[in-house]
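So the structure is just underneath, and the comments pick up after that.
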Amino acid sequence: MFGTNPKTGLTSSILPHTILQEIPSNENIKRKQTEERKNVRDNLEIQAKKMKNLSNAKFPKAKEGSTVQLKIPDIDRGRGDPRSMVKTSRTQPSGSSNRKKAKNKKIEIANVMAKVPCINSYFKANNGNNVLNSPEKTSKDIANSLITASSQTDDLTPSNSNLSCYRKNINLHILNDDNFVDDPLVIEQANCNTDNTSNNTLLDTMLVSSVNIDVNADDLFPTANNSLNIDLPLTSIIGDVQTTTIPNKDPALWDLNENTRDYITLNGFDQNLKDTNFSSSKRLCTKVIRGTKKSYYRSFHQNFIKTKLINGKEVNRNYIVYSNSTGKIYCAPCRLFNDTNSVNTFANFGFCNWKKCKEKLSQHENSINHKNCVIKMKNRGNKLGRIDSQLILQVETEIKYWKEVLTRIVAVVKSLSSRGLSFRGHNDKFGSTHSGNFIMCLELIAEFDPFLANHISKFGNKGKGSTSYLSFSVYEKFIEMMGEKVKNTIINEIKNAKYFSIVVDSTPDISHTDQLACIFRYVKTNGEPVERFLQFITNSGHKSEDLADAIFMVIGENELDIKNCRGQSYDNASNMSGVYSGLQARIKGACPYAIFVPCAAHSLNLVGEYAANCCTLGTEFFNFLQALYTFFSTSTYRWEILSDYLTNSKNKTVKRLSDTRWAARHEACSSLSQNWTELLKALNSFVENPIENSKTKCESTGLIKKMNRLEMCILVSFWNDILERFNSTSKKLQTIEIDLTIVINLYTSLINYVTDLRNTFSHYEKLAMEKSEIKEYKVVRKKKRKIPYDESCQGDTSFEARESFKINTYFVIIDSLLSELRKRKSCYDDINTMFGFFSNMIDLPVIEVRKKATKLQSQYPEDLDGSFINECIHFHGYLKSLPGIVSPKSILELCKIIEDHNIADVYPYVDIALRMYLCCPVSNTSAERSFSVLKRVKSYLRSSMNDNRLNNLAILNIECEITKSISYNEVIEDFAAQKSHRKI
């Protein structure tokens, strides 16, 4: 406007041209302000210099340690305060001074260390370039060599001799097309000049800077204007990184030294491929589509590590390692053992050209350099080929020695625990006659084992503070570990079988503590049912609610599912078998498929007990058996006389009765039946002895009177036959392989047997007369009944002694046996209705098989599919096709046929149904057997044993088959892992 440049704040004006020229512009104002500020700053600097010179002249600089007087300003001084104060001058050193002192200190340390042999000289050969051992080197060279050697980065820190090659590799890396450059780099020079002095200055700077405490990164790396652009992390160039024992998982962060190579070659490396996010490997790529350049991303994928051979076999590339920090992949052997003079992208810089990944990987793995690196890594891993092989041999010899010691100790612990024997004695000293079984076994082995004898002589009685592995704490640890290993084996078997049943029972131990035994029944993979002891539960209570809580606790602690429970078996106590509030009802509330099966052996004992107490003479008979045993056993003199009469007899001596074991009643009855004559002679000897006391004569006379009755002799023969059959059946019912079908058949056979005995009274009467030589029954005077005036005695019947005994005793006992057997059998018939058709499937028609299978499938809809019905029909035809010799006789044989013929995949639901049926227990005798082990393990000498040790010793003894299968090496390795601070 007006032919001049516009001024600030002017848009239009009517002023003349001359006036407008005098108005200053915005640029002139800013320029003038800058000049004035500069003048003010210069004046202030001149004034400050003058003030400093005057202060130095008036107040000279005090030396360190000198005393000076300082004036206190009036504004800070109180009315009574002095005008000045005396201080001692002390100079605070600067940062440069500290660095100089640190550098001089390192040089002094280097001079001292130069005179001391380095520990590395014992493990690797001297290459002749060790600066510390050269007296001609200066202190600067020694310091530089010490720092460089301590960093252990010979492969990354180049020497003067190969500097040109090192720089050449860096430039080649920049020009290599195998990697994408994320940010454009300013590259002015592609090839390095080995005569360039600036490069030598760079190397000197790197070496000198490594001595200082504070390293300046700007002095070590060239800038963007220089000819080098290095794509390496800072730590890999400086080489002053603190090394660790275990290398980083990231290959880009590996500290390439001898320790890293040794660790990785011996322990391997992680490919970093599991649970890894490969987002950092994403790279931007361009692609021309229809003349248009479009950008997209490529990233690493796990398929890159797989290669397919010409025959179609897939092979993993185990040498690839992924770097999370750089998003690139490296070749681990080449990364560790690549030659510094060769260029290898997979070794030095990492590979990330995912477009050509498979092609480049194929070229790399077929290259000679890669194969040489792999061979170097294999040879490095060979311990005998290493320089420190003598040290490794010494360590391995030490490990082998202690393993031999522990093997013998584990063998002794396994033998003693599997037999329920005690370990400790009065003391734990070798050579003492009061030491326990553990020390005794070691001493016995040492008599024939020179190795163990030498070890005991060295470390036997050294006491605490010395490692010998002969103390009680060591075998207690082995007991705990082996017990846990057996328990875990059982738990794993239960989980593999899926379906299981529970058996529980309780008893007091020697310390009057109630112990609840937990037994699990399941079917193994070979189709064999087993019952395993798991643990004792202390003081669980006797109420059904407390018992249920204890069982749920055990199932939950061992990570089992109560929904897979298919059976339960207890005794006939009301707190166990109660339908509404008993233990079986509470278990069914958690799992409706858990069928309750009363203990068949216990039920058979109850049948005999009810029959024995159903009549007067029956009760008197068993009381007589107990009285006879008591008479002879209460006196050693009487027992000696009885033994004299039984010397020429092969029969057993008298036995006592038992309330729980009816086998003992059979033994007592059998002894009386076989030794009837000898017992009468022994009793008569006491009566005829004139010097015998009257009490003994009276007792023996009473026993003789009872034996001289025909009724008693008939009951002896009768009960002897019945108890013999009951005893054999009870032993069969106590086996683990039995199922409900066999239980029903055995009960049916007993019913038929007792029914046949009803018509054999004359046979037993004849046997009794021959044995006792008594022909008449005891006549009991009948009590006269008072007859009312309106009645007559014509309707009264009177029996002879024989008929009275037959009707009121013999038939009553038989009827009681039949009634109880039928009652107990009916319970098992109701349970067996669902699965019983498997036992006679061959004889059933197809329509009946379909009907039974449909009913069973409706009862277990969550376990059996609708195809189960067709499988049963098909399986019915398969069984008919088998030869008669192979034809199964029981459900257990059916299950074994499926496993032996490997047809479980053909009939999967039939196999499931058979396994559910076989896992149902029919008795709780396994819990009863565990009580016998409890008495041996927790005896009166070991009554203070804690619960954990009791469970470990009990499971090792009861499940001795699993205990014997434990490997010595596994136990020793676990022990070494937990006790790594010890010698092993």
Side-chain angles (χ1 to χ4, degrees), residues 491 493-504 518-524 527 529-532 534 544 547-556 558-570 576-600 736 738-741 743-744 827-839 851-869 871-872 891-892 894-895 904 907-924 926:
I491 295 299
E493 288 183 355
I494 296 175
K495 291 180 180 179
N496 293 333
K498 185 178 180 180
Y499 301 110
F500 63 89
S501 299
I502 54 177
V503 177
V504 295
C518 295
I519 310 294
F520 283 79
R521 179 184 173 96
Y522 55 92
V523 181
K524 297 170 66 175
V530 292
E531 294 180 2
R532 301 293 192 191
L534 202 63
S544 60
L547 294 172
D549 292 340
I551 292 174
F552 292 148
M553 180 192 67
V554 172
I555 293 175
N558 296 285
E559 299 179 354
L560 300 175
D561 190 2
I562 188 63
K563 299 296 183 182
N564 294 329
C565 182
R566 291 296 177 268
Q568 47 182 330
S569 179
Y570 323 113
M576 295 286 192
S577 60
V579 180
Y580 301 104
S581 61
L583 177 59
Q584 64 117 342
R586 297 181 184 274
I587 298 295
K588 278 188 177 181
C591 180
Y593 303 115
I595 302 173
F596 171 66
V597 182
C599 177
I736 299 176
I738 196 172
D739 56 55
L740 281 174
T741 304
V743 172
I744 294 173
C827 178
Y828 302 115
D829 288 333
D830 297 337
I831 301 173
N832 198 47
T833 52
M834 294 182 294
F835 295 91
F837 72 97
F838 281 110
S839 59
K851 181 180 177 181
K852 297 287 187 180
T854 304
K855 184 178 179 180
L856 181 59
Q857 193 273 332
S858 62
Q859 293 291 333
Y860 296 92
E862 297 181 2
D863 299 312
L864 303 178
D865 192 26
S867 61
F868 169 70
I869 302 170
E871 285 187 13
C872 289
I891 295 182
L892 178 60
L894 279 177
C895 191
Y907 310 105
Y909 292 108
V910 172
D911 184 54
I912 291 174
L914 293 177
R915 287 177 177 274
M916 288 193 299
Y917 181 70
L918 288 176
C919 79
C920 292
V922 298
S923 66
N924 64 343
S926 295

Min side-chain heavy-atom separation Y593-E862 under 4.5 Å: yes
Does the side chain of L856 reach to within under 4.5 Å of the side chain of Y909, using non-hydrogen atoms? no
CA sep, side-chain torsions, deciding dist, call: I912, Y499, side-chain contact (heavy atoms from CB on, under 4.5 Å): CA-CA 9 Å; I912 291 174; Y499 301 110; 3.7 Å; yes
Tell me, with the steps shown, if F552 and I587 meet side-chain contact (heavy atoms from CB on, under 4.5 Å). CA-CA 9 Å; F552 292 148; I587 298 295; 3.8 Å; yes
Distance only, no hydrogens: is a donor on one side chain within 3.5 Å (strictly under) of an acceptor on the other, for Q584 and Y570? no
If the threshold is 4.0 Å, N to carboxylate O, is there a salt bridge linking K498 and D561? no
Are any non-hydrogen side-chain atoms of S569 and V922 less than 4.5 angstrom apart? no
C919 side chain near F500 side chain, heavy-atom distance below 4.5 Å: no
Does I519 reach the side chain of L534, with side-chain heavy atoms less than 4.5 Å apart? no
Please lay out, stage by stage, how Y522 and E493 fare under the test side-chain contact (heavy atoms from CB on, under 4.5 Å). CA-CA 8 Å; Y522 55 92; E493 288 183 355; 2.3 Å; yes
Please examine the side chains of K852 and T833, heavy atoms only from C-beta on, and report whether any two atoms are closer than 4.5 Å. no
May I ask you to check whether Y917 and F838 place their ring centres under 6.0 Å from each other? no
Can you name the salt bridge (Lys or Arg N to Asp or Glu O under 4.0 Å) partners of E559, sequence neighbours left out? K495
In the structure I gave you, are the side-chain heavy atoms of D911 and C895 within less than 4.5 Å of one another anywhere? yes
Test of understanding: with salt bridge (Lys or Arg N to Asp or Glu O under 4.0 Å), list the residues that count as partners of R586, not counting sequence neighbours. none
Verify side-chain contact (heavy atoms from CB on, under 4.5 Å) between Q568 and K588, making sure each step is shown before the conclusion. CA-CA 9 Å; Q568 47 182 330; K588 278 188 177 181; 3.7 Å; yes
Quick check: closest heavy atoms across S544 and L583, and the distance to 0.1 Å? CB-N, 3.7 Å
